[in-house]
There are 2 protein chains.
Amino acid sequence: MAPRSKKDNEIIKQKRREQIIRHALESFAKHGYHRTSISEIAKAAGISKGLMYNYFDSKEDLLIGVLEFVMPQAVDTIFNSIAKKAETLTPRELMAFGIERFFEVMKDQADLWKLSMSLAMQVSDMPKIHQTFVQMFDMTFRQIEQLLKATGMPDASLKARLITAQLDGIALHYFVMGENYDLEAVKKAFIQELIS
Amino acid sequence: MAPRSKKDNEIIKQKRREQIIRHALESFAKHGYHRTSISEIAKAAGISKGLMYNYFDSKEDLLIGVLEFVMPQAVDTIFNSIAKKAETLTPRELMAFGIERFFEVMKDQADLWKLSMSLAMQVSDMPKIHQTFVQMFDMTFRQIEQLLKATGMPDASLKARLITAQLDGIALHYFVMGENYDLEAVKKAFIQELIS
DNA sequence: TATCTTTGACCAACCGTTCAGTCAAAAAAT
DNA sequence: ATTTTTTGACTGAACGGTTGGTCAAAGATA
């Protein structure tokens, strides 16, 4: 009785979802969540406004979809590249390498980061989104904690808190100050202080 | 020709402005800029919507007014209390004292901070607001830079960048994680590392 | 009366969301 | 192979609601 194979439909749906997510991310990142309308995203994605609601129940649901799709990718990009080098580098070198990767990803995905930080500050009415952020913060924290423990550092947990805070703080300042912020110099100083 | 002396009018206007700003800040901080309507603020301030536009040209203008009124206050609160103790403490002790004050203000004015950070990430369409943030970031940076120079530290400028980033990063994490974040322990570790 | 302040009804624009209906393509029937 | 039926992805007009912003009129003050 099925007019179209279920497999085909699943594939089509998945592709569409990703297509919408990609354009939604772009618009959200560029103009912010509240300033972006569903119509805008639909237009950018080349589909009708109504179809958006076949894939996402609401605007907030779309936002959750975007974040859940894209945030783990960013974290994995950093820590996968660390894992690859884990065998050939000392824990200390590994840290330095990880920091470098962090700043690369931060610069590459600046828009996503800005959006995330902006949202993270105002999620009191969006518990699901809040949870997403807490999970991601926790993920990076534990990764760094583990790296520090490998170097035999005492108080690795607290130190990891300080380092992750510093990383995100630098990102914050870089995003606000823009070109006036000498990211390279700060990065160098940060690594220097960390390794010594 | 004026039925009321111009001086009186100026004073009244100033008071009204502050009254509006205070309630606007409260609403903006609680629900975010976009989620807060002019009517809401007017109601909270006990005046009509129309009157709002006698004091501020637009919603964005009101936001600028709020930030320019309230942000220097927060910064001054911290650094004035430092200045008072400047004579009786060593630069190193002064730093520790300043950090303590920083965290106090951060906790007291959490809502304002959240609002500021959230806005700071998405000001590409609001150049005036962007400038306000750059100025304030620069202010705190230079204050800390000066403190560090007083301790005779080399590379005081870069070190100041790292410290301010770490402070704001801790604030960021604290705001997102909430109760799950052991702010006291992090603060202690931060000061410990800074002083030693 | 003359001047300034304040009001709140009003407006046009926009928003997220819904839904009745379309249509190409796949399955079933012939 | 041809026709008929069934599907569901897709459209876009429409809706209820909200928004930032305006303005003529009323109120207050001197």
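Within every chain, numbering begins at 1; the chains are lettered A, B, ... in the order of the sequence lines, protein sequences first and strands thereafter. Because the structure is a prediction, the values reported are computed rather than measured.
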Between [X] ([atom1]) and [N] ([atom2]), how many Å, whole number?
X       : N      : atom1 : atom2 : result
A/Leu51 : C/dC23 : CG    : P     : 17 Å
B/Met52 : D/dT19 : CE    : C1'   : 13 Å
A/Ile47 : C/dC23 : CD1   : P     : 19 Å
A/Arg17 : D/dC10 : CZ    : P     : 14 Å
A/Asn54 : C/dC19 : CG    : P     : 13 Å
A/Gln19 : D/dC10 : CD    : C1'   : 12 Å
A/Lys43 : D/dC10 : NZ    : P     : 20 Å
A/Gln14 : D/dG8  : CD    : P     : 18 Å

Problem - Under 4.0 angstrom between B/Arg16 side-chain N/O and C/dT5 OP1 or OP2 - result: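 Result: no.
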Practice task
Look at A/Tyr55 and D/dC10 and indicate whether a side-chain polar atom (N or O) is within less than 4.0 Å of OP1 or OP2.
Solution key: yes
Exercise for the section: State whether the side chain of B/Arg161 and the backbone N or O of A/Val186 hold a donor-acceptor pair below 3.5 Å, judged by distance alone. Expected result: no
Problem - Qualifying residue for ring pair (Phe, Tyr, Trp, His ring centres under 6.0 Å) with A/Phe102, from A/Phe190, A/Phe79, A/Trp113 - result: A/Trp113
Under 3.5 Å between N/O atoms: give me all the protein pairs with nucleotides 14-17 of chain C, atom names plus distance.
from	atom 1	to	atom 2	distance (Å)
C/dG16	OP1	A/Thr36	O	3.4
C/dG16	OP1	A/Lys59	NZ	2.8
C/dG16	OP2	A/Ile38	N	3.0
C/dT17	OP2	A/Tyr53	OH	2.6
C/dT17	OP2	A/Lys59	N	2.8
C/dT17	O5'	A/Tyr53	OH	3.4
C/dT17	O4	A/Lys49	NZ	2.9

Practice task
Measure from NZ or CZ of A/Arg16 to the centre of the six-membered ring of A/Tyr55 and say whether it is under 6.0 Å with the direction within 45° of the ring axis.
Solution key: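 So A/Arg16 doesn't make the cation-pi contact.
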Handout entry: Aromatic A/Tyr33 / basic A/Lys59 pairing, under 6.0 angstrom, 45° off normal
Key =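 The answer is yes, since A/Lys59 meets both limits relative to A/Tyr33.
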Exercise for the section: Return the set of residues passing side-chain hydrogen bond (donor to acceptor under 3.5 Å, both in side chains) with B/Asp138 (not counting sequence neighbours), or none when no residue passes. Expected result: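 B/Asp138 satisfies side-chain hydrogen bond (donor to acceptor under 3.5 Å, both in side chains) with B/Arg142 once adjacent residues are dropped.
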Practice task
Quick one: list whatever passes ring-ring contact (aromatic ring centres under 6.0 Å, His included) with B/His23, sequence neighbours left out.
Solution key: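 Partners of B/His23 by the ring-ring contact (aromatic ring centres under 6.0 Å, His included) criterion come out as none, since no residue qualifies.
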